[in-house]
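This report concerns only the one structure given below.
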Amino acid sequence: MNKAPVKITGSEAVILSLIAEGVDTIFGYPGGAIMPIYDALYDYDKKITHILTRHEQGAAHAAEGYAKITGKAGVCFATSGPGATNLVTGIADAMIDSIPLVCITGQVTSPLLGTDAFQESDVISISMPITKWNYQVTSPDEIPWVIAQAFFIAQTGRPGPVLIDITKDAQFGEIEFEYKKCKKIRSYIPEYPVDPFKVKEAADLIDQAKKPLLLLGQGVIIAKAEKELQAFVEKTGIPAAWTLLGLSALPTDHPLNVGMLGMHGNYGPNIKTNEADLIIAVGMRFDDRVTGKVSAYARDARIIHLEIDPAEINKIIKADVAILGDARKSLKMLTSNVKQNEHKQWLQEFRDADKVEFKKVIEKDLHPVKKGLTMGEVVRLVSEKTSDDAILVTDVGQQQMIAARYFKFKRSRSCVTSGGLGTMGYGLPASMGAQLAAMDRTVVAFIGDGGFQMTIQELGTIAQNKLPVKIILLNNNFLGMVRQWQQLFFEKRYSFTELVNPDFIMIAKGFGIEGHKVESRDELAGGVQKMIDHQGPYLLEVVVEKEDNVFPMVPSGASVSHVMLEP
């Protein structure tokens, strides 16, 4: 005789559903409305690791860091009301940066919905604009299929965050549990088949181009198309520039990698954009930080756009040829259709621009004559000491741009940073998720003194879980990026950007984390080596020039041709 199906609670169904999806790590913070789920989790601690963060925002950013490194959905828990609203910044960050998250929040019981009950917030309405999909569960029977759909939606097509809000009575209720992974949702088209006629049309433009430029974004990494990208650039000989989120998709030292695009990107890719006769954009969305003044962007170039999300086609820059579909498939087909080529003279123009940038910017950043330490020399030294093979995590601000410029990459999925939302406080919790995703790799987090204090409490999470993150705090006692703008465009009127900081090393040691403060160039190399050699987490505070600026710089609203190399 067949055994009767075993009944379990909705809370246990949540945990079993996550296990069925291969979840091994959850970041979260318990509370009243999600307590039944946490109680169920207690019995599965050998199958799922739960990381207790010190704030729900930290849980969301840690899940982002985990997702960026693994390519799998990061998972976070929070309770109702303020717990759920504290996730909002991380969810919004994940949405604009196409990071797959599954966020599960507890909610008050169904009869209390809409009554302004204790710790009730309408998280479904709040999160609707910043999630790929959200759903409120009021019956335990819904839990397995809702979680299955959530993972399918979060991880397919253009990835993004989803949120499941589960009422307390649905957590307590019982169901006959059965889990089936979701493979299809009616009316949801995660990716379109690549049109071979569009590929041929694009290939003809590529073969005819004299000055083509390839722009590669995070879509290459999401699609796991790094090999296909490299095969394409090597067959065509086209110079390739990456966006901030595209960092590490191509090795830094690849002969056709011409650097970073954007407001603080390299000189060559910026000025050569308006000299190119063809732009090939792969998995990037023509963000305003890349285009500058749209009406003055690439006016002499035909545009080929390879993109999985039809909403991004023609949204900012009109494409002459748009190839919808997965970048891995598109690039493979495109490589088969283009002719073997090289563009030596055109590539040399980028290298000539590099020489100009080196003389006016890079030499001063990496080999300064001034007494104070520069952010650039610290970043480059850490990169060298980790054999250019560490995972780079950054916060947002000057240190982010300097790290993006001077850190080097050998392999993909080696950069974790906040792009579209530009979230200060992102770096420390994101580094926790990145480290848990790759315990065999060195994770270095570059953070400014402003952003560090926004989520400094996550030092407790790092210490409790013995995560060997190497934190490099670049301290200039300023909100550096805002101060730079005030210096350049507001006549040095430093309005509320100077910081009176605490003793960061003492704070770290209060959490049980070793640390050291470097204030001179003579101490730097030894300090960095001591950090790297230390077996656990470590805080290296480096005092840098107070008015050290990040150049090149394309002023807001200016053409990319008007890039500044000096004040």
### Gln345 atom CD, over 12 foreign heavy atoms within 6.0 Å
no

Of all heavy-atom pairs linking Phe197 and Asp195, the shortest is N-OD1, 2.9 Å

inquiry  = Would Glu234 and His254 count as a side-chain hydrogen bond (donor to acceptor under 3.5 Å, both in side chains) here? Give the steps.
reply    = CA-CA 10 Å; Glu234 288 173 359; His254 192 283; 2.8 Å; yes

Donor-acceptor check, side chain of Asp277 to backbone of Lys210, threshold 3.5 angstrom: yes or no?
yes

Would you tell me whether Thr374 and Asp548 have side-chain atoms, one donor and one acceptor, within less than 3.5 Å of each other? no

Correct closest heavy-atom pair for Ile96 and Leu421 would be CG2-N, 3.4 Å

Give a yes-or-no answer on whether the side chains of Thr105 and Asp165 include a donor-acceptor pair shorter than 3.5 Å.
yes

Can you find a side-chain donor-acceptor pair between Asn274 and Ser559 that sits under 3.5 Å?
yes

Of all heavy-atom pairs linking Ile91 and Cys103, the shortest is CG1-SG, 3.8 Å

- So does Lys332 have more than 12 non-hydrogen atoms from other groups sitting under 6.0 Å from NZ? no

Thr131 side chain to Pro161 main-chain N or O, any donor-acceptor pair under 3.5 Å?
no

I'd like to know if the side chain of Ser414 pairs up with that of Arg441 as donor and acceptor (distance under 3.5 Å, no hydrogens or angles considered). yes

inquiry  = Taking Ala311's backbone N and O only, do any of them form a donor-acceptor pair with Asp309's side chain (distance below 3.5 Å, no angle check)?
reply    = yes

- Message: side chain to side chain contact (heavy atoms under 4.5 Å, CB included), that's the test. Do Leu436 and Leu467 meet it? Break it down for me.
- Response: CA-CA 8 Å; Leu436 280 156; Leu467 301 176; 3.8 Å; yes

Donor-acceptor contact present, side-chain Asp320 to main-chain Ile304, <3.5 Å = no

Exercise: do Gln149 and Tyr135 side chains pair donor with acceptor under 3.5 Å | no

### Task
Would you check if the side chain of Asp97 reaches a backbone N or O of Gly420 as a donor-acceptor pair within less than 3.5 Å?
yes

- So, Glu377 and Arg380, do they make that salt bridge, N to O below 4.0 Å? no

- Return yes when atom NZ of Lys315 has more than 12 non-hydrogen atoms of other residues, nucleotides or ligands closer than 6.0 Å, and no otherwise. yes

Can you find a side-chain donor-acceptor pair between Asn266 and Glu357 that sits under 3.5 Å?
-> yes

Checking side-chain polar atoms at under 3.5 Å, does Tyr426 have a donor or acceptor matched by the opposite partner on Asp93?
no

Please confirm whether the ring centroid of Trp133 lies under 6.0 Å from the ring centroid of Phe152.
no

Would you call the rings of Phe350 and Trp346 parallel, tilted or perpendicular, where under 30° means parallel and over 60° means perpendicular?
perpendicular

